[in-house]
**Q** 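Got a structure for you, written out below as structure tokens; questions coming shortly.
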Amino acid sequence: MGSIWRFVKKRFNNLSIRAKLLVINISISGVALFVALSAIFVYLRNRTSDEFKQNTASLSRKIDVAINQNLEFFARAQVDKDLMRLFGGRVLNFRTVQSVYVFRNGKIIIEYQRGENNPDNKFEEASPPPLPPDPRVEHWQINWLRGYGVLYTPIIGLTNQKQVGILCLKVDSDYANQRLGRYLQVVVVVFATAIVLVTLVTWFLQKAITRPVVRLTKAANQISTSQEIIPTEMVDRKDELGQLANSFSQMLGRLREQQEALTTAKDLAEASAKAKQEFMANMSHEIRTPMTAVLGMTDLLLEKDPSAEQTRLLQAMKSSADQLMALLNDILDFTKIESGKLTFEQRVINLNLVLQNMLVSNQVRAERKGLQVLLDVAPEVPNYFLGDPLRLSQILLNLFSNAVKFTDAGHVTTRVRLLATDETTVRIQFAIEDSGIGIDADKLGPIFSSFTQASSETTRKYGGTGLGLSISKQLVEAQGGQISVESRRGVGSTFSFWLPFTRISEHSAEAHRTETPRQLTNPLVFAQPEQALTQRKGRILLVEDNDFNIMLVVGLLVKWGYEVETATNGRLGVNALRENPSRYDVVLMDVQMPEMDGYQATKAIRDELNNPVPIIAMTASALQGDVQKCLAMGMNDFVSKPFDKKVLAEKLARYVPQVRTT
């Protein structure tokens with residue numbers, strides 16, 4: 001029963017308001033009509049029953065009068081004649097009598113039944129009904145379904161006023177049943193007619209309630225589907241629905257005003273974000289361009305056998321420049337992440353080389369402090385897998401550099417563990433543990449927030465912007481991993497993170513295998529690019545507008561054995577290739593230059609001159625889309641300023657033949 005009620009309730013709740021109003025009105029009207037008509041029918045039935053009893057009792061009194069005197073003196077034959085005279089006549093009332101029994105001293109002394117040819121005879125009993133429990137009082141038995149009634153009446157003698165017998169009268173009740181049937185038909189017709197009228201009236205009147213609600217629903221659906229707010233017309237009604245519709249219309253009007261204001265604000269925000277990106281690109285270029293010269297010239301001076309004092313000053317200058325570049329890179333990375341334009345590559349990662357780079361980058365600082373640097377890589381960790389090697393190195397360098405920075409004595413240990421693996425992915429955990437200053441428990445919560453450090457004292461003593469951990473956290477989470485920290489003040493800290501990577505086959509791993517030993521005990525030193533390029537010859541066109549960068553790049557290229565020609569803007573570079581299409585093996589193309597920038601120059605070389613010479617872009621911009629834009633314009637490769645000499649050397653070696661034939 002409960003499940004049926006829940007089903008009905010659910011179906012009712014899913015009906016429209018119009019259908020609900022119909023169901024409610026029809027249900028209420030139906031119940032009220034049913035109760036009222038049922039009461040009327042019961043009243044008519046009782047009235048018909050009383051009339052039937054009165055008529056039967058009247059017949060019984062007439063029979064009593066006719067046979068009383070003869071029955072008192074027990075003149076049986078005369079009583080029988082009296083009954084025959086009564087029922088043999090044309091009196092209509094007596095035609096409904098089916099049988100008569102006269103009892104005396106508990107026995108039937110006279111019995112009368114209609115003949116078999118009488119169609120009104122409904123009785124099938126072969127024997128008379130039994131006497132009532134108390135024969136001294138009148139007793140009724142009525143069976144409406146079988147269509148008869150039985151009345152037991154005591155017969156009292158006229159002379160001695162004593163009971164001389166019992167009269168049992170069976171009477172046909174068909175006429176009473178027919179009357180009840182007609183009453184029932186009338187009740188059903190009245191009920192059905194009333195329900196139809198209620199349905200029609202409700203159908204027409206419910207529009208006054210449902211029409212405003214339907215309009216509000218359509219307006220809300222239109223807003224949700226088209227996302228365009230269109231105010232509805234005001235309704236000339238004073239009731240609650242009219243007030244609701246008018247309030248909704250006013251609300252839509254205000255929402256539309258707010259939507260227009262938000263659209264304007266969104267456009268301004270997008271314009272501001274675009275201006276911010278352009279500013280960051282310009283700032284990147286303006287800062288990186290002189291920094292390229294500063295770092296490059298410092299390296300060149302350090303190679304000129306300076307004195308001890310000069311070496312100390314040059315190393316301090318290079319260290320300061322490196323810190324400035326690290327700060328700039330952090331700000332640019334934070335801007336990329338904040339704008340949601342950071343993408344991740346899927347390339348083969350050599351874990352061994354990534355860890356080597358991490359150790360080599362911090363070797364000098366660790367040795368200066370006398371720190372014990374340990375590397376613990378579990379043997380089951382694969383050395384080759386797919387991921388973004390640049391971002392993995394960036395995260396490890398951030399965490400490892402922080403560990404070295406905040407540790408004055410003791411150790412810095414890097415542990416690598418395999419957490420899980422399946423047919424397609426591996427999940428690897430990296431943990432950087434140090435014995436440094438540690439972090440208070442109440443400072444661990446916001447430690448990964450932007451521009452946050454453990455305390456202002458830490459900032460003053462160790463420096464930094466507090467962006468490294470925030471960037472690392474966002475890089476880890478953007479690749480589907482997690483990062484955490486455990487620390488105790490004065491004991492040390494452990495920063496750990498895990499990342500999912502894509503597995504590669506053994507064949508692919510073998511193709512990328514090097515001679516580098518799997519277990520690292522000491523940082524390995526990379527070969528200098530000069531050693532690999534002393535025998536290489538080629539002619540390079542350098543298109544660059546900054547004099548210091550020209551001086552730096554030309555000095556490096558000449559040192560590596562290349563012939564170099566320069567052009568100070570894109571137009572001059574295009575003219576040089578127009579005059580000598582096959583003279584150059586590679587074009588080093590700066591991106592931002594006066595008169596004609598690197599993009600326009602590359603387009604002219606590819607489209608106008610139809611020259612396939614390899615073009616390597618050199619740009620100080622480091623925002624999202626630079627690489628894609630360079631490649632889309634027809635450039636072959638990309639070097640970011642300030643460039644790593646090793647990276648530049650490898651890029652050139654890829655495109656310049658070892659022995660020039662022309």
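In this chain, residues are counted from 1 in sequence order. Quick caveat: nothing in here was measured; it's all calculated off a predicted structure.
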**Q** Side chain of Asp388, backbone of Glu345: donor and acceptor closer than 3.5 Å?
**A** yes

**Q** Can you tell which of Trp498, Phe495, Phe497 makes a ring-ring contact (aromatic ring centres under 6.0 Å, His included) with Phe430?
**A**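 For Phe430, the ring-ring contact (aromatic ring centres under 6.0 Å, His included) test succeeds with only one of Trp498, Phe495, Phe497, which is Phe497.
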
**Q** So, taking the atom named CZ in Phe34 and the one named CD1 in Ile195, what distance separates them when rounded to the nearest 0.5 Å?
**A**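 So the gap between those two atoms works out to 11.5 Å.
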
**Q** Which atom pair, heavy atoms only, marks the closest approach of Trp140 to Thr56?
**A** CH2-CB, 3.2 Å

**Q** Are the side chains of Val348 and Leu386 in contact, using a 4.5 Å heavy-atom criterion?
**A**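 Side chain of Leu386 against side chain of Val348, heavy atoms only: contact under 4.5 Å found.
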
**Q** Will you find, in the side chains of Ser58 and Asn55, an N or O donor that is under 3.5 Å from an N or O acceptor?
**A** no

**Q** Which atom pair, heavy atoms only, marks the closest approach of Ile428 to Leu418?
**A**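 Heavy atoms only, the tightest pair is CG1-CD1, 4.3 Å.
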
**Q** Any heavy-atom pair between the side chains of Val476 and Ile395 that's under 4.5 Å?
**A** yes

**Q** Using side-chain contact (heavy atoms from CB on, under 4.5 Å), reason through Leu151 and His139 one step at a time and then give a plain yes or no.
**A** CA-CA 6 Å; Leu151 174 60; His139 180 73; over 6 Å; no

**Q** Are any of the side-chain heavy atoms of Leu469 and Asn398 separated by less than 4.5 Å?
**A**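 Side chain of Leu469 against side chain of Asn398, heavy atoms only: no contact under 4.5 Å found.
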
**Q** Answer yes or no: is there a side-chain heavy-atom contact under 4.5 Å between Thr153 and Ile166?
**A**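 Heavy-atom side-chain distance check fails, nothing below 4.5 Å.
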
**Q** Under the side-chain contact (heavy atoms from CB on, under 4.5 Å) criterion, do Phe41 and Leu184 qualify, and how do the steps go?
**A** CA-CA 7 Å; Phe41 180 76; Leu184 183 61; 3.7 Å; yes

**Q** Answer whether the closest heavy-atom distance between the side chains of Tyr148 and Asp172 falls below 4.5 Å.
**A** no

**Q** Do other residues, nucleotides or ligands put more than 12 heavy atoms under 6.0 Å from Glu477 CD?
**A**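 Enclosed.
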
**Q** May I ask you to check whether Glu260 and Thr264 show a side-chain donor-acceptor distance below 3.5 Å?
**A**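 No donor-acceptor contact under 3.5 Å links the two side chains.
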
**Q** Do the non-hydrogen side-chain atoms of Val164 and Ile156 ever get within less than 4.5 Å of each other?
**A** no

**Q** Can you see which heavy atom on Cys168 is nearest to which on Tyr152, and at what distance?
**A** SG-CE2, 3.6 Å

**Q** Identify the two heavy atoms, one from Val426 and one from Phe385, that lie closest to each other, and give their separation to 0.1 Å.
**A** CG2-CB, 4.4 Å

**Q** Could you state the interatomic distance from CD (Gln482) to CZ (Arg427), rounded to the nearest 0.5 Å?
**A** 8.5 Å

**Q** So, do Thr421 and Glu380 sit near enough that their side-chain heavy atoms are less than 4.5 Å apart?
**A** no

**Q** What verdict does the salt bridge (charged side-chain N to carboxylate O under 4.0 Å, His left out) test give for Glu433 and Arg415, after you've listed the backbone C-alpha separation in whole Å, the side-chain angles of each residue and the deciding distance to 0.1 Å?
**A** CA-CA 8 Å; Glu433 177 187 319; Arg415 293 188 175 87; 2.5 Å; yes

**Q** Which atoms form the tightest heavy-atom contact between Leu351 and Pro382, and what is the distance?
**A**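 That closest heavy-atom pairing would be CD2-O, 3.9 Å.
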
**Q** Which pair of heavy atoms, one from Pro154 and one from Arg136, lies closest together, and at what distance?
**A**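 Here Pro154 and Arg136 meet closest at CG-O, 3.5 Å.
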
**Q** Determine whether the side chains of Gln185 and Arg182 contain a donor N or O and an acceptor N or O closer than 3.5 Å.
**A** no

**Q** Going through the checks in order, is the side-chain contact (heavy atoms from CB on, under 4.5 Å) test met by Phe501 and Ile349?
**A** CA-CA 9 Å; Phe501 299 99; Ile349 297 177; 4.0 Å; yes

**Q** Out of curiosity, Leu475 CG to Gln394 CD, how far, rounded to the nearest 0.5 Å?
**A**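 Leu475 CG to Gln394 CD: 5.0 Å, rounded to 0.5 Å.
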
**Q** Should Leu167 and Tyr101 be marked as a side-chain contact (heavy atoms from CB on, under 4.5 Å) after you check the CA-CA gap, both sets of side-chain angles, and the distance that decides it?
**A** CA-CA 6 Å; Leu167 175 63; Tyr101 299 93; over 6 Å; no

**Q** Going from CG on Leu268 to CG on Leu262, what distance comes out if it is rounded to the nearest 0.5 angstrom?
**A**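 With rounding to 0.5 Å, CG (Leu268) is 11.5 Å from CG (Leu262).
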
**Q** Atom OG of Ser493 and atom CG of Leu399: how far apart are they, to the nearest 0.5 Å?
**A** 11.0 Å

**Q** Does the side chain of Val150 reach to within under 4.5 Å of the side chain of Leu169, using non-hydrogen atoms?
**A** no

**Q** Mind checking the CD1-OG spacing from Ile432 to Ser496? Nearest 0.5 Å is all I need.
**A** 9.5 Å

**Q** Is any NZ, NE, NH1 or NH2 atom of the basic residue among Glu51 and Arg179 found under 4.0 Å from an Asp or Glu carboxylate oxygen of the other?
**A** yes

**Q** Can any side-chain N or O of Ser49 pair as donor or acceptor with the backbone N or O of Arg45 at less than 3.5 Å?
**A** no

